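Just so it is clear: chains get the letters A, B, ... in the order the sequence lines come, proteins before strands, and each one is counted from 1. Since the structure is predicted, the reported quantities are computational estimates derived from the model, not experimental observations.
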Protein chains: 2
Amino acid sequence: MKSPVTIKDIAKLANVAQSTVSKALNNRPGISARTRQHIISIAKAHNFVPDAAGKALKNRFTNNIGVVFCREDYPLRNPFFSRILEGIESEIAFNHYNLVLQLIPNHEETTIPKMIRERQVDGIVLIGVRNKAFIEQLQQAGTPFILIDPRDYFPDCPQVVIDNENGTFLATDYLIRNGHRKVGFIGGDLAVPSFAERLNGYKKALAFHNIPYSRRLVKTGGFEEGYTQTQQLLKLSKRPSAIVAAYDISALHAYRAINDAGMRIPEDISVVGFDDIDLAKMAIPALTTVRVYKEQMGSVAVRQLRTLIHTETPVSFTPIIPVKLVERDSVKKSED
Amino acid sequence: MKSPVTIKDIAKLANVAQSTVSKALNNRPGISARTRQHIISIAKAHNFVPDAAGKALKNRFTNNIGVVFCREDYPLRNPFFSRILEGIESEIAFNHYNLVLQLIPNHEETTIPKMIRERQVDGIVLIGVRNKAFIEQLQQAGTPFILIDPRDYFPDCPQVVIDNENGTFLATDYLIRNGHRKVGFIGGDLAVPSFAERLNGYKKALAFHNIPYSRRLVKTGGFEEGYTQTQQLLKLSKRPSAIVAAYDISALHAYRAINDAGMRIPEDISVVGFDDIDLAKMAIPALTTVRVYKEQMGSVAVRQLRTLIHTETPVSFTPIIPVKLVERDSVKKSED
DNA sequence: CGTATTTTGGAAAACGTTTTCCAAAATTTC
DNA sequence: GAAATTTTGGAAAACGTTTTCCAAAATACG
């Protein structure tokens, strides 16, 4: 590592004081246009770039934003989280911040990451964190933070959420309008609030069309159990003609189960997913699903966080990211 | 943001000098075990954590490692890159470093990212960078760096590479051993060295089995053109009974083309991929492919980089990550 | 031309660490 | 018990910035 050129060097070269260089380079008033130009040109010529550590020490701002995922979610390989990260990244890059990525385990005893305790970041975005103790530590420490799609409710925390209920309402409504009266529902864990919301949307759509809700048509459990959940639905004496999956991943597991049972999509059974991950349109047949604007969630979160960082008394405001039904080929439509 | 507790506060509380606190906390000699313990317990009690900026300023080490991808590769949504990133992340976390993520455009005029010029990172890992000017700037600046799977050859740079040639050799050899004499090859851009290597492996396997190489069986071009490439192969008067795809993504596009042509895998035509991304085993039928140990590439790169950072005169050493053929269900086997 | 005002640039301190050097205290040696 | 040696802890400087405060220089005013 070559020894870098410092503000002191520039001052010497320009025959001025350090403070003058600083003023010139940071557009501070108090020096003439002439000297400012002079200094700027010398700094450029010598490739001067102010040192981040020096700046951070003085300014108390690092220009870094931390992005925290749960390790257990395998956020990097999970296409849903990846897209959120893309949104976060682009917004951070746009604002000339740095993105510090951190995966944390989800134990109750998890302590605040080093990067925060050491004041390496000005604020953090948390995705999928469901650890109450962790959040409380953060609040105590006074670190600005924002939650994306929190798995547990932290009602008094700044957060960005998905319009889950509306999404499954749209999906279920769409199926019913296309002649499906018996609609199954598969998905994850009822203890997860966002999943509970999705189930709710399904129920509301049934109610809206005066179709009685039947517990037997709903299969919950592990996030990845779509295969067995679907098998159970197919075994029912009066099996559903359509399935709403709370996650595209579940829907794709359903695809396999349906395929293995010798049935065809959508001729024998229709499927609608939720999330619109990349695989949805790659699947055969392409999956009709509820699109979640994942990139938007990420970028909105960063924008919110930036105001949190730079404002003294933050106003709590919870953006709800809308959803949209994307019609593809996995639903059999009624003729009329 | 609450004002944090500094080393000065601890010194005051413990009735010692700052320097003594520093020695105690950093296991430096020159103080008695008694005072060391005393100071440590006080520091603990007051949740003292040394400030990163202060440390960096003094030490000239940030404990940050930069990870640089090309924006055009969409590395976050690309499962291949994601897995590399997972490997990088786990190795970085293991060493208590921070990961600073940075996507750069791939123009020739791209300048060194701010995080490097400002000395925010101790070194960087570059993935898929094919920009000569960029690499040269880096060398000039003296930043420690390592390349992963470089798209162009930078022979004198530290790098981690895939055993591409061996991979396609194994794939092609496997097909031939299973009775396939007419084997097609699809993939990306010949200007990309790693792709050229993959093509080479295919040729070598043919030669090994005394099968003449035919240019007509090889379809190159865009990374994502697997669909049309496969269509072309299927249209040949004597169409191949098997296809080697240089990337799993290409293979999955081939799946669609084959499906759309009304043929079945592997009964009518066999397919082998390369990379072993997640979708490979999820595909129907599960894709036989060449596994690349992507996580290992990432972690090896970080390990190499760490020695580059902490050594004065680095020894250039190029780890070649091995590959392995993973048999699944997309190849029709000969009876014998 | 002398005074009042404004503009300009510099000296010094501060941010939170670590490290070097030195003096005082404690211990050993005779 | 004094001298020589070792151990212990403190004062100060340094890392690269920014900011505050002040004095000198330039300009305006009468």
Side-chain angles (χ1 to χ4, degrees), chain A residues 1-40 42-43 46-64 114-122, chain B residues 1-40 42-43 46-64 114-122:
Chain A
M1 199 59 170
K2 299 199 301 189
S3 88
V5 29
T6 76
I7 203 173
K8 216 178 271 177
D9 302 328
I10 301 300
K12 223 165 258 167
L13 288 163
N15 262 314
V16 297
Q18 284 184 51
S19 50
T20 312
V21 177
S22 181
K23 284 171 197 162
L25 267 33
N26 295 297
N27 267 316
R28 293 275 176 287
I31 57 174
S32 66
R34 211 176 103 59
T35 38
R36 188 183 302 277
Q37 276 315 316
H38 177 220
I39 291 172
I40 288 179
I42 289 193
H46 292 79
N47 276 315
F48 169 69
V49 180
D51 181 277
K55 263 180 121 123
L57 189 54
K58 184 65 188 165
N59 292 342
R60 309 277 66 206
F61 284 108
T62 61
N63 251 274
N64 297 155
K114 204 164 59 86
M115 67 170 176
I116 298 164
R117 287 179 292 139
E118 292 182 339
R119 277 141 280 155
Q120 275 266 30
V121 292
D122 298 335
Chain B
M1 200 59 171
K2 298 200 302 190
S3 89
V5 29
T6 76
I7 203 175
K8 216 177 271 177
D9 303 327
I10 301 300
K12 225 164 255 168
L13 288 163
N15 261 316
V16 296
Q18 284 185 49
S19 52
T20 312
V21 177
S22 181
K23 284 172 197 162
L25 267 32
N26 295 297
N27 267 316
R28 294 275 176 285
I31 57 174
S32 66
R34 210 174 104 58
T35 38
R36 189 184 302 276
Q37 277 314 315
H38 177 221
I39 291 172
I40 288 180
I42 290 194
H46 292 79
N47 276 316
F48 169 70
V49 180
D51 181 278
K55 262 181 121 122
L57 189 54
K58 185 63 188 167
N59 292 340
R60 310 277 64 209
F61 284 109
T62 62
N63 251 273
N64 297 154
K114 203 164 60 85
M115 67 170 176
I116 298 163
R117 287 179 292 140
E118 292 181 339
R119 278 140 278 156
Q120 276 265 32
V121 293
D122 297 337

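- Atoms CD (B:Gln37) and P (D:dG9) sit 13 Å apart, rounded to a whole Å.
- A:Ser32 has no side-chain polar atom (N or O) that falls below the 4.0 Å cut-off from OP1 or OP2 of C:dT7.
- Under a 3.5 Å cut-off, the side chain of B:Arg36 and the backbone N or O of B:Lys23 do form a donor-acceptor pair.
- Rounded to 10 degrees, the angle separating the terminal axes of the helix from C:dC1-D:dG30 to C:dC30-D:dG1 is 40°, with each axis obtained from five end pairs.
- Contact of the A:Asp122 side chain with the A:Asn64 side chain is not registered, since no non-hydrogen atoms from C-beta on lie closer than 4.5 Å.
- Remark: side-chain polar atoms of B:Arg119 are paired, donor with acceptor, to backbone N or O of A:Val49 under 3.5 angstrom.
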Sort me out a list of protein N/O and nucleotides 23-27 of chain C N/O pairs below 3.5 Å, or just none if empty.
none

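- Between A:Arg34 atom CZ and D:dT27 atom P there is a gap of 12 Å when expressed in whole angstrom units.
- At distances below 3.5 Å, at least one donor-acceptor pair connects side-chain atoms of B:Thr62 with backbone N or O atoms of B:Gln120.
- One finds the CD1 atom of B:Ile10 at 9.5 Å from the CD1 atom of B:Ile39 (value rounded to the nearest 0.5 Å).
- Atom CZ in B:Arg36 sits roughly 10 Å away from atom P in D:dT8 (whole-Å rounding).
- Listed by chain and residue number, nothing satisfies the salt bridge (charged side-chain N to carboxylate O under 4.0 Å, His left out) test with B:Arg28 (two or more places apart in sequence, or in another chain).
- Looking at heavy atoms from C-beta onward, B:His46 lies in side-chain contact with B:Leu13 at the 4.5 angstrom threshold.
- Counting to the nearest Å, the P atom of D:dC22 and the CD1 atom of A:Ile31 are 21 Å from each other.
- Here the closest non-hydrogen pair linking B:Ala17 and B:Ala11 is C-CB, 3.9 Å.
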*Nucleotide by nucleotide, 5' to 3', does protein get under 4.0 Å of the base (B), only the sugar-phosphate (S), or neither (-) in nucleotides 13-21 of chain D, counting heavy atoms?*
-BBBBBB--
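- Taking the salt bridge (charged side-chain N to carboxylate O under 4.0 Å, His left out) definition, one finds that B:Lys114 meets it with B:Glu118, sequence neighbours left out.
- Between B:Lys58 and B:Asp51, none of the side-chain N atoms (NZ, or NE/NH1/NH2) sits under 4.0 Å from a carboxylate O, so this pair counts as no salt bridge.
- Using a 4.0 Å heavy-atom cutoff across all strands shown, B:Asn15 reaches sugar-phosphate atoms only and no base atom.
- In this structure, A:Ser19 has no side-chain hydrogen bond (donor to acceptor under 3.5 Å, both in side chains) partners at least two apart in sequence or on a different chain.
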